[in-house]
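See structure below.
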Amino acid sequence: AGAAARGPLCLPCLLLLLLPPAGAEPELRFRPPAEAPVRLFTEPELAKYDGHQEGQPIYLAVKGVVFDVTSGKEFYGKGAPYNALVGKDSTRGVAKMSLDPADLTHDTTGLTEEELKSLDDIFNNVYKAKYPIVGYTSRRILNEDGSPNLHFKPEDQPHFSIKDEF
């Protein structure tokens with residue numbers, strides 16, 4: 001009733017009230033993320049982030065997802081107990097809770113149901129819960145020769161759920 005008592009508000013006047021003052025920067029509705037964008041890592045590129053170079057981030061891949069584990073340097077840095085896992089995709093080692101060099105691979109062939117469940121639990125409750133995702137291994141979407149894998153579908157990858165990654 002109060003607005004009607006003052007008279008109708010003209011649409012151009014209303015629009016002027018909604019516009020920012022002259023010279024003011026308009027406020028963006030979408031703000032780009034502050035973090036660096038995710039990227040694809042080849043095996044040689046990922047190997048550079050093995051915790052042996054001072055001042056360099058430490059990266060570990062599990063299920064083709066590359067995590068920045070630098071904040072856990074006491075576990076993953078040079079000489080640390082889990083340093084063998086970093087600089088590569090160590091999915092099998094994480095699943096088996098093994099630091100055996102033969103297990104430090106992306107290959108999940110032959111893992112037991114219990115090991116696969118352990119892998120998913122550790123992936124979700126440790127790595128995704130604690131460390132930022134900085135990229136993906138190129139193996140997930142490229143052929144051995146580097147060409148795009150046209151048949152790649154994230155949802156078809158073993159033990160992978162894309163809905164959980166975003």
Side-chain angles (χ1 to χ4, degrees), residues 25-109 111-144 146-166:
E25 286 292 315
E27 186 172 337
L28 299 176
R29 288 184 180 205
F30 169 77
R31 296 227 182 261
E35 308 91 38
V38 296
R39 60 179 263 215
L40 285 183
F41 289 87
T42 62
E43 287 181 30
E45 288 172 328
L46 188 55
K48 295 175 186 175
Y49 301 94
D50 64 359
H52 289 161
Q53 234 177 356
E54 196 61 39
Q56 183 91 336
I58 304 169
Y59 294 165
L60 162 69
V62 178
K63 293 172 57 171
V65 179
V66 181
F67 296 94
D68 182 341
V69 296
T70 308
S71 65
K73 189 175 185 171
E74 65 275 14
F75 302 109
Y76 301 103
K78 183 178 181 179
Y82 301 119
N83 179 256
L85 296 171
V86 300
K88 61 183 75 73
D89 189 327
S90 295
T91 301
R92 184 178 200 83
V94 169
K96 294 179 76 168
M97 296 186 187
S98 169
L99 297 176
D100 182 331
D103 289 328
L104 302 180
T105 176
H106 69 281
D107 188 6
T108 58
T109 306
L111 292 177
T112 67
E113 281 300 315
E114 188 176 307
E115 289 167 335
L116 293 172
K117 183 181 179 335
S118 174
L119 172 63
D120 286 340
D121 288 345
I122 294 168
F123 179 77
N124 289 311
N125 300 321
V126 176
Y127 293 108
K128 284 181 62 179
K130 288 178 78 171
Y131 301 108
I133 295 172
V134 293
Y136 297 91
T137 59
S138 60
R139 176 179 303 285
R140 286 184 56 176
I141 63 170
L142 300 177
N143 295 316
E144 290 294 323
S147 64
N149 176 357
L150 301 177
H151 304 291
F152 174 79
K153 293 183 186 156
E155 63 275 13
D156 291 343
Q157 303 306 300
H159 322 296
F160 171 73
S161 175
I162 195 159
K163 69 178 176 54
D164 293 335
E165 295 201 31
F166 301 101

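In what follows, every heavy atom counts, from backbone to side chain, and hydrogens, waters and symmetry copies are set aside. Not measured: the values here are computed from a predicted model. Residue numbers count from 1 along this sequence.
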Assess whether side-chain contact (heavy atoms from CB on, under 4.5 Å) is satisfied between Lys63 and Asp120, documenting all intermediate values.
CA-CA 9 Å; Lys63 293 172 57 171; Asp120 286 340; 3.0 Å; yes

With sequence neighbours left out, the residues meeting side-chain contact (heavy atoms from CB on, under 4.5 Å) with Asp100 are Ser98, Ala102, Asp103

Exercise. Applying side-chain contact (heavy atoms from CB on, under 4.5 Å), name anything that partners Ser71, two or more places apart in sequence or on another chain.
Key: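 Checked Ser71 against side-chain contact (heavy atoms from CB on, under 4.5 Å); matches are Tyr131.
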
To check you understand the geometry: which heavy-atom pair defines the closest contact between [X] and [Y], and what is its length?
{"X": "Ala95", "Y": "Leu111", "answer": "CB-CD1, 3.6 Å"}
{"X": "Leu104", "Y": "Gly93", "answer": "CD2-CA, 4.4 Å"}
{"X": "Val134", "Y": "Phe41", "answer": "O-CE1, 3.9 Å"}
{"X": "Thr108", "Y": "Arg92", "answer": "C-NH1, 3.6 Å"}

The complete set of ring-ring contact (aromatic ring centres under 6.0 Å, His included) pairs with one or both residues in residues 75-94, sequence neighbours excluded, reads none

Rounding to 0.5 Å, atoms NZ (Lys130) and CG (Asn125) come to a distance of 11.5 Å

So CD of Glu43 and OG of Ser138: to nearest 0.5 Å the spacing works out to 7.0 Å

Give every donor-acceptor pair under 3.5 Å between a side-chain atom in residues 52-59 and any protein atom, sequence neighbours left out.
from  : atom 1 : to    : atom 2 : distance (Å)
His52 : ND1    : Asp50 : OD2    : 3.4
His52 : NE2    : Asn83 : OD1    : 3.2
Glu54 : OE2    : Lys73 : NZ     : 3.2

Exercise for review: Decide yes or no for Met97 and Ile122: does some side-chain heavy atom of the first lie under 4.5 Å from some side-chain heavy atom of the second?
Suggested key: yes

* Indicate yes or no: at least one non-hydrogen side-chain atom of Tyr127 is less than 4.5 angstrom from one of Val65. =>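 Counting from C-beta outward, Tyr127 and Val65 never come under 4.5 Å.
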
- Which residues share a side chain to side chain donor-acceptor pair (under 3.5 Å) with Thr42, sequence neighbours left out: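 Expected list: Glu45.
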
Residues at least two apart in sequence or cross-chain that pass side chain to side chain donor-acceptor pair (under 3.5 Å) with Ser90, listed by chain then number, are none

Would a distance-only check, ignoring hydrogens and angles, find a side-chain to backbone donor-acceptor pair under 3.5 Å from Asp89 to Gly64?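 A pair under 3.5 Å: yes.
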
- Task: Count the heavy atoms belonging to other residues, nucleotides or ligands that lie under 6.0 Å from CD of Glu114, then report whether that count exceeds 12.
- Result: no

